[in-house]
Amino acid sequence: MIRVLLVDDQPLLRSGFRALLDAEDDIEVVAEAADGKEGLALAKEHLPDVALIDIQMPVMDGIEATRRIAADPTLARVHVVMLTNYGLDEYVFNALRAGAAGFLVKDIEPEDFLPAVRVAARGDALLAPSITRKLIDRYVTAPLHMGADAALEGLTNREREAVVLVAQGLSNDEIADRMVISPLTAKTHVNRAMAKLHARDRAQLVVLAYESGLVAPRNR
């Protein structure tokens with residue numbers, strides 16, 4: 001059972017998401033909150049698998065709530081997915097830095113929403129195509145983060161290859177097919193790369209890959 005926490009200051013949006021989630025046999029909404037402070041408290045109380053958190057809220061915004069969740073060892077298994085609107089570029093990048101595992105735009109279609117929650121629960125990076133495009137554009141044009149490329153030097157060739165494929169949006173099964181290895185071995189490569197780079201999740205691997213120049217978009 002996938003346990004979900006909803007954090008958004010719009011009751012109508014929360015109720016809509018809850019109706020979709022509760023209708024699924026493998027998903028349970030364990031709590032709802034109207035601001036980041038309440039959401040943080042409920043995350044500690046319920047330890048959800050996925051926390052769907054709005055970026056802009058009163059009392060405590062989603063970025064600060066995400067930062068506190070990411071910094072709390074007892075919440076290490078909570079995967080934060082930010083709920084965002086188009087055009088919030090700086091919020092998106094700040095939230096990634098804070099530890100968000102991914103993003104969903106609020107006008108997502110229902111048939112895309114439920115699989116996205118399941119992807120997040122598995123610990124895979126979840127970046128909507130529009131957000132991914134912004135992420136790529138930002139990091140391939142910004143100055144490289146000092147030490148980002150040096151950090152990658154500790155990776156084996158296979159771990160580097162796995163990081164590149166993660167940055168291209170591939171799942172562990174797809175990485176396994178591309179590298180001609182088992183899914184378990186692919187997951188091991190990804191997990192070891194995350195450990196060596198001190199990345200909380202796959203979304204931060206994406207940032208590191210583009211920051212260091214290890215991956216570049218096809219069209220620049």
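In this chain, numbering begins with 1 at the start of the sequence shown.
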Ala100 and Met82: which non-hydrogen atoms are nearest, and at how many Å?
-> CB-CG, 3.6 Å
Spacing of OG1 belonging to Thr66 relative to CZ belonging to Arg68, to within rounding of 0.5 Å = 11.5 Å
Arg178 atom CZ, over 12 foreign heavy atoms within 6.0 Å | no
Does the pair Leu40 and Glu64 meet the rule for a side-chain contact (heavy atoms from CB on, under 4.5 Å), with working shown?
-> CA-CA 10 Å; Leu40 178 61; Glu64 181 60 25; over 6 Å; no
Between Glu32 and Arg14, which heavy-atom pair has the shortest distance, and what is it?
-> OE1-NE, 2.9 Å
Can you name the nearest heavy-atom pair linking Asp35 to Val7, along with the distance?
-> O-CG1, 3.4 Å
Does Val81 share a hydrophobic cluster with Val30, counting links as ILVMFWY side-chain heavy atoms below 4.5 Å and allowing steps through other members?
-> no
Under a single-linkage definition using a 4.5 Å side-chain heavy-atom cutoff for Ile, Leu, Val, Met, Phe, Trp and Tyr, are Leu6 and Ile108 assigned to the same hydrophobic cluster?
-> yes
Do you know which two heavy atoms are closest between Asp9 and Pro58, and how far apart they sit?
-> OD2-CD, 3.6 Å
If you take all heavy atoms of Val190 and Ala162, which pair is closest and at what distance?
-> CG2-CB, 4.1 Å
Criterion side-chain contact (heavy atoms from CB on, under 4.5 Å) on Leu52 and Phe113, from CA distance to verdict | CA-CA 11 Å; Leu52 297 173; Phe113 174 64; 3.7 Å; yes
Looking only at heavy atoms, which two atoms of Ala33 and Leu42 are closest? And how far apart?
-> CB-CD1, 3.8 Å
Taking side chain as C-beta onward, heavy atoms only, is Leu21 less than 4.5 Å from Ile2?
-> no
Any Phe17 side-chain heavy atom under 4.5 Å of Asp8 side chain = no
d(Ile55 CD1, Ile63 CD1) to nearest 0.5 Å is 5.5 Å
Would you give the length of the straight line joining atom NE2 of His46 to atom CD of Glu28, rounded to the nearest 0.5 angstrom?
-> 10.0 Å
Measure the shortest side-chain to side-chain distance between Val78 and Pro48 over non-hydrogen atoms and say whether it is less than 4.5 angstrom.
-> yes
So do Ile69 and Ile53 actually touch side chain to side chain, heavy atoms under 4.5 Å?
-> yes
Do Leu47 and Leu5 sit in the same hydrophobic cluster, where Ile, Leu, Val, Met, Phe, Trp and Tyr count as joined when their side-chain heavy atoms come under 4.5 Å apart?
-> yes
CD of Glu174 to CE of Met179: how many Å apart, nearest 0.5 Å?
-> 14.0 Å
Given side-chain contact (heavy atoms from CB on, under 4.5 Å), test Lys196 with Thr156 step by step and report yes or no.
-> CA-CA 10 Å; Lys196 289 180 179 180; Thr156 66; 4.1 Å; yes
Arg18 side chain to Val29 backbone, donor-acceptor under 3.5 Å = yes
If you count the non-hydrogen atoms of other residues, nucleotides and ligands that lie under 6.0 Å from NZ in Lys106, is the total more than 12?
-> yes
How many angstroms lie between atom CG of Asp26 and atom CZ of Arg118, to the nearest 0.5 angstrom?
-> 4.0 Å
Taking atom CG of Asp112 and atom CG of Asp107, what is their separation to the nearest 0.5 Å?
-> 10.5 Å
Would a hydrophobic clustering, with Ile, Leu, Val, Met, Phe, Trp and Tyr connected at side-chain separations under 4.5 Å, put Ile181 with Met194?
-> yes
Does a side-chain heavy-atom distance below 4.5 Å link Asp61 with Gln56?
-> no
